[in-house]
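This report concerns only the one structure given below.
Only a predicted model underlies this, so the values are computations on that prediction, with no experimental measurement involved. One-based numbering along the sequence shown.
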Amino acid sequence: MSTEENPAAAPRSLAEALRGRDDVSLAALLRSRPDLITPVPTDLTQLATRAGTRASVVRALERLDRFTLQTAQALAIASDPATYDELLGLMAGDDGDPAVSAALPHTLGTLREQALVWGGDDRLRLVRTARELLAPSPQHPSPTGLGPTVREAGAGISPGRIQEIVATAGLPSTHDSVSALEALTGLFNEPERMSALLDQAPSESVEVLERLVWGPPYGQVTADPAPRLRWLLDRGLLLPTAPGTVVLPREVALRLRAGRAHRTTEPVPPPVEAAAAHRPQMVDATAAGQAYTALATVEELLKDWHEGGPAVLRAGGLSVRDLKRTAVALDVPEPVAAFWVELAYAAGLLASDGEADERYAATPAYDEWLERPAGERWARLATAWLAATRTPGLVGERDAKDRTLSALGPGLDRSAAPEVRRRVLALLAGLPEGAAPDTGSMLARLRWERPPRADRTGGGTPSPYARRTPAHPAEQARGAAARAGGIGVPGYPADGASGEGGDDDLRSRLARWTLAEAEMLGVTGRGALSSHGRALIGAPPAPRHADTQTEPTGPGDKLPVHHRQAPPPVLSPAGQATAAAAAARLLDPLLPEPLDHVLLQADLTAVAPGPLERPLADMLGVLADVESKGGATVYRFTPASVRRALDAGQSAADLHAFLAAHSRTPVPQPLAYLVDDVARRHGHLRVGAASSYVRCDDDAVLNEILADKRAAGLGLRRLAPTVLAARTDPAALLEGLRAMGFAPAAESAEGDVLIARADAYRTPPRTPPEPVPDGPPVPDDTLLAAAIRAVRAGDLASTAPRKPVAGSAGAAPGELPRTTAADTLAGLQAAVLTNDAVWIGYLNAEGGASQRVIAPIRVEGGFVTAYDHTADEVRTYPLHRITGVAELAD
């Protein structure tokens with residue numbers, strides 16, 4: 001039965017409307033607005049109050065799509081309460097729009113579900129806070145471009161002037177200003193009479209109205225308005241709001257707009273179009289190649305920081321110089337290097353060591369990560385990227401305090417980043433298999449789903465007005481802020497704490513970064529979502545389309561998208577782990593198998609035709625230097641690289657055996673000679689700690705060293721025919737002699753050769769950075785069920801009818817019952833005998849007061865044991881904490 005048939009059933013407040021909902025509807029509300037149960041409200045009245053607070057309403061409005069927001073904006077300018085037909089007229093116009101008519105019921109249901117609108121179709125009410133936020137005012141112009149009503153604009157006009165306007169408009173005079181403004185409103189609301197009035201208007205006056213009709217509605221006039229303006233002012237079609245400022249009344253604008261609140265309504269989301277199509281196998285192969293490159297890049301980054309990476313800046317983060325060095329080492333641009341550094345940090349593979357001289361280094365988790373299969377290693381990186389709120393694309397920009405944002409430094413967290421990443425990948429998942437999106441259409445879709453601030457709280461399409469002069473001062477300030485880039489997006493406050501910098505298009509930038517990062521990481525290939533990328537987000541199998549099996553005929557061709565899928569579900573941590581494992585299983589067969597051989601060449605190089613097994617790659621990285629990377633890696637053998645292997649404890653025989661075992665070609669003679677030549681001279685000189693010394697069985701070599709001018713800085717002197725002493729430490733002495741062309745070896749205090757193997761430096765155990773949440777998390781079904789049960793029980797306790805307590809001054813509605821200790825004990829004992837429920841007031845150990853409905857089971861030892869309807873369980877309460885007891889009405 002509708003409220004029209006049963007007016008008594010119409011809710012009188014939002015709390016009553018919520019009280020009439022079932023558990024499924026309440027769960028939908030709490031799921032869409034999780035801040036309402038943080039903490040769980042005591043009853044439905046408190047839930048309704050919380051749903052109407054400014055912070056909660058703003059958060060809810062931020063998450064509305066464009067058409068739903070337009071509907072709420074239309075309700076904000078409609079009468080209060082409004083009818084469904086009035087709302088439909090504002091949205092579809094006098095001529096009607098079938099698409100709007102079809103979409104409006106569902107949209108209105110969404111607003112009702114989120115408790116932004118309540119009441120039946122005959123009495124639609126927008127929550128008061130939402131009306132205050134969305135209704136037009138000089139301080140906060142509406143995106144509709146509408147101004148105040150005739151009643152609001154005429155409140156400051158003198159009664160005599162109002163009567164003059166009424167008379168000039170052809171209406172009979174009235175006895176007061178209120179009735180005069182009502183008569184003027186009635187004139188503007190009647191299409192026939194309004195048309196007749198406009199037919200009399202000069203063409204120049206009509207032109208002024210046309211320039212104001214879509215907003216801004218304010219204009220400035222001189223003390224002696226032109227005739228075209230005077231004609232409008234005399235008939236109330238323009239009303240003065242301040243000296244020199246006029247406004248187009250809302251009723252006039254709506255008549256000129258044919259009843260539409262918005263110039264353009266968008267009931268249907270813009271489709272994401274496919275710009276190109278590729279064979280799915282090619283997409284997966286390309287994405288797998290990128291995934292392998294991602295793993296190799298992260299390994300190379302952390303190998304470069306193997307013995308301790310760059311220092312941590314005093315303010316935190318990586319210096320610009322160190323970022324440049326990292327970019328050179330990885331052979332990538334600096335923004336890409338920042339992405340890889342941040343990705344390793346988000347995955348918990350990289351952190352600061354926390355020492356006094358703080359530096360970045362790999363974590364112990366990195367060693368564990370290296371031992372995992374390639375697919376699992378990639379899944380860990382991709383999962384960390386999906387959930388990370390740190391945004392590498394901001395590196396190099398400046399925050400609100402004009403400080404440069406550095407990689408690994410503070411200020412890079414953007415709470416919306418995970419949601420944008422998942423939404424972009426979900427839109428890719430909705431395309432046919434192998435289809436790459438048109439970036440413009442994707443950004444348009446994202447802007448429809450989350451309109452920018454200008455579409456939410458003001459800034460409709462600017463239009464000229466009266467004399468093409470600056471608008472109302474509020475409009476001027478808004479326009480200046482817009483030109484200066486000072487408009488922020490709700491949820492992205494323009495302050496130093498968040499570091500958003502007032503960027504109104506941050507979501508679009510996040511979307512572009514997502515597309516680029518997904519390609520680098522191998523989630524997509526050639527712009528299309530790969531099969532393992534689809535599994536990563538838990539998306540259903542890809543829709544197939546005949547056009548996706550062939551390439552487009554031209555670079556500008558766009559493929560129509562006929563498939564629409566529901567977005568992938570938001571995964572729980574356990575669900576995300578399952579999805580990551582599925583993605584790893586799909587990726588593993590696509591990755592190249594590691595090789596156990598290289599191709600040695602006569603020019604002292606070795607070619608690795610693919611990825612190498614880890615022991616082979618590690619040893620080859622010590623024995624040779626990487627000359628070039630790509631599909632095949634080229635290593636070059638040099639005297640320094642061979643000496644490095646000898647310093648690591650290898651002998652010449654070991655190196656010959658290693659090269660012979662892992663080369664598919666015979667070991668070239670020049671390479672064998674190089675190894676033997678360096679090994680023959682390696683260790684011929686010995687360096688130890690006296691301060692330091694050099695000893696050699698061949699005194700001619702020592703004579704050569706002493707005669708060399710380059711040895712002057714080492715402070716050498718002969719102690720014996722075969723021993724030289726030096727003032728420098730052994731490490732400096734080693735470097736100095738190597739720079740002179742010798743190949744000395746270090747020795748211990750016992751005279752043994754020291755193996756100079758570089759030890760891997762690791763930080764203490766570190767946890768990955770926690771993402772900064774974008775508001776409270778969405779509650780799961782278990783929490784929702786418990787919260788609804790608690791709210792309903794609390795509502796039962798607060799709304800249960802009670803009998804008045806004789807002599808109790810505290811028994812008024814909403815207050816705790818107050819009875820003496822004797823009356824409280826007697827009332828509870830009587831309830832035990834009659835098995836009745838009673839209403840009590842209770843103070844907990846922290847002094848918090850609450851009211852409860854309980855069914856006492858027994859009273860003994862200073863405690864009452866009862867079934868608590870509020871908590872839906874049996875509890876025991878100390879009698880001295882019960883403030884009073886009252887019977888419930890029948």
side-chain contact (heavy atoms from CB on, under 4.5 Å) assessment of Glu334 paired with Val395 = CA-CA 9 Å; Glu334 290 176 36; Val395 172; over 6 Å; no
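- Between Thr363 and Gly348, the closest heavy-atom pair is OG1-O, 2.6 Å.
- We find the CG-CG distance between Leu343 and Leu349 to be 8.0 Å, quoted to the nearest 0.5 Å.
- Side-chain atoms of Arg421 come within 3.5 Å of backbone atoms of Trp385 as a donor-acceptor pair (strictly under, hydrogens ignored).
- Under a 3.5 Å cut-off, the side chain of Arg585 and the backbone N or O of Ala580 do not form any donor-acceptor pair.
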Would you check, one step at a time, whether the test side-chain contact (heavy atoms from CB on, under 4.5 Å) holds for Phe742 with Val701?
-> CA-CA 10 Å; Phe742 297 95; Val701 175; 4.1 Å; yes
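- A 4.5 Å side-chain heavy-atom check between Trp513 and Thr391 finds at least one atom pair inside the cut-off.
- Inter-residue side-chain proximity for Trp369 and Arg380 is flagged as met; some heavy-atom pair is nearer than 4.5 Å.
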Only pairs under 3.5 Å count here: list side-chain donor-acceptor contacts from residues 764-773, not counting sequence neighbours, and write none if there are none.
residue, atom, partner, partner atom, Å
Arg766, NE, Ser352, O, 3.1
Arg766, NH2, Ser352, O, 3.3
Arg766, NH2, Asp353, O, 3.1

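- Between Asp676 and Arg681 there is no salt bridge, since none of the side-chain N atoms of the basic residue sits less than 4.0 Å from a carboxylate O of the acidic one.
- The line from CG of Leu318 to OG1 of Thr326 is 5.5 Å long, rounded to the nearest 0.5 Å.
- Salt-bridge annotation for Asp399 and Lys401: absent, with no side-chain N of the basic residue lying under 4.0 Å from a carboxylate O of the acidic one.
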Trace of the side chain to side chain donor-acceptor pair (under 3.5 Å) decision for Asp625 with Ser641 = CA-CA 7 Å; Asp625 298 323; Ser641 68; 4.7 Å; no
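- At distances below 3.5 Å, at least one donor-acceptor pair connects side-chain atoms of Thr514 with backbone N or O atoms of Leu510.
- Within the 4.5 Å cutoff, the side chain of Asp304 has no heavy atoms near those of the Leu330 side chain.
- One finds a salt bridge joining Asp322 and Arg325 here, because a Lys/Arg side-chain nitrogen approaches an Asp/Glu carboxylate oxygen to under 4.0 Å.
- Using a 4.0 Å cut-off between a side-chain N of Lys or Arg and a carboxylate O of Asp or Glu, Arg526 and Glu519 do not qualify as a salt bridge.
- The side-chain heavy atoms of Asp357 and Arg359, taken from C-beta on, include a pair separated by under 4.5 Å.
- In this model, a donor atom of one side chain and an acceptor atom of the other lie less than 3.5 Å apart for Asp413 and Thr389.
- Sequence neighbours left out, the pairs with a member in residues 712-725 that pass side chain to side chain donor-acceptor pair (under 3.5 Å) are Asn703-Arg718.
- Between the CE atom of Met740 and the CD atom of Glu735 there is a distance of 13.5 Å, given to the nearest 0.5 Å.
- Between Arg738 and Asp647 there is a salt bridge, since at least one side-chain N of the basic residue sits less than 4.0 Å from a carboxylate O of the acidic one.
- When all heavy atoms are compared, the tightest approach of Pro744 to Leu737 is CG-CB, 3.8 Å.
- Here the closest heavy-atom approach between residue Leu412 and residue Leu394 is recorded as CD2-CB, 3.9 Å.
- Scored by the ring pair (Phe, Tyr, Trp, His ring centres under 6.0 Å) test, His662 finds Phe658 as partners (sequence neighbours excluded).
- Between Arg377 and Glu299, at least one side-chain nitrogen of the basic residue sits less than 4.0 Å from a carboxylate oxygen of the acidic one, meeting the salt-bridge criterion.
- For the pair Thr297 and Glu300, the minimum side-chain heavy-atom distance is 4.5 Å or more.
- Taken to the nearest 0.5 Å, the CD atom of Glu342 stands 9.0 Å off from the CG atom of Leu350.
- In this structure, the side chain of Arg403 does not engage the main chain of Ala400 through any donor-acceptor pair within 3.5 Å.
- Judged by distance alone, the side chain of Glu613 and the main-chain N or O of Leu595 form no donor-acceptor pair under 3.5 Å.
- Rounding to the nearest 0.5 Å places OG1 of Thr638 at 9.0 Å from CG of Leu604.
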How far apart are the C-alpha atoms of Thr383 and Leu381, what are their side-chain angles, what is the distance that settles it, and do they pass the side-chain contact (heavy atoms from CB on, under 4.5 Å) test?
-> CA-CA 6 Å; Thr383 303; Leu381 295 179; over 6 Å; no
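- A donor-acceptor contact shorter than 3.5 Å links the side chain of Arg390 to the backbone of Gly409.
- Between the Trp378 side chain and the Ala294 main chain, no donor and acceptor come within less than 3.5 Å of each other.
- Heavy-atom neighbours of Arg636 CZ from other residues, nucleotides or ligands within 6.0 Å: above the threshold of 12.
- Taking CG from Leu655 and CZ from Phe637, the interatomic distance works out to 9.5 Å, rounded to the nearest 0.5 Å.
- In this structure, the side chain of Gln576 engages the main chain of Leu536 through a donor-acceptor pair within 3.5 Å.
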side-chain contact (heavy atoms from CB on, under 4.5 Å) assessment of Leu515 paired with Leu428 = CA-CA 10 Å; Leu515 293 173; Leu428 290 178; 4.3 Å; yes
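- Side chain of Thr404 to main chain of Arg398: no donor-acceptor pair is present (N/O by atom type, distance under 3.5 Å, no hydrogens or angles).
- Between Glu376 and Asp588 there is no side-chain heavy-atom pair separated by less than 4.5 Å.
- Considering every non-hydrogen atom in both Leu702 and Cys696, the closest pair reads CD2-CB, 3.9 Å.
- Between Asp596 and Arg664 there is a side-chain heavy-atom pair separated by less than 4.5 Å.
- When all heavy atoms of Ala351 and Thr763 are compared, the closest pair comes out as O-CG2, 3.6 Å.
- Counting only distance, with no hydrogens or angles, the side chain of Ser663 and the backbone of Pro666 share no donor-acceptor pair below 3.5 Å.
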Stepwise salt bridge (charged side-chain N to carboxylate O under 4.0 Å, His left out) test for Arg507 and Glu419 = CA-CA 10 Å; Arg507 286 181 62 86; Glu419 187 268 335; 2.9 Å; yes
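- Considering only heavy atoms from C-beta on, Thr728 comes within 4.5 Å of Ser692 through its side chain.
- Leu386 and Arg422 get closest at one heavy-atom pair: CD1-NH2, 3.8 Å.
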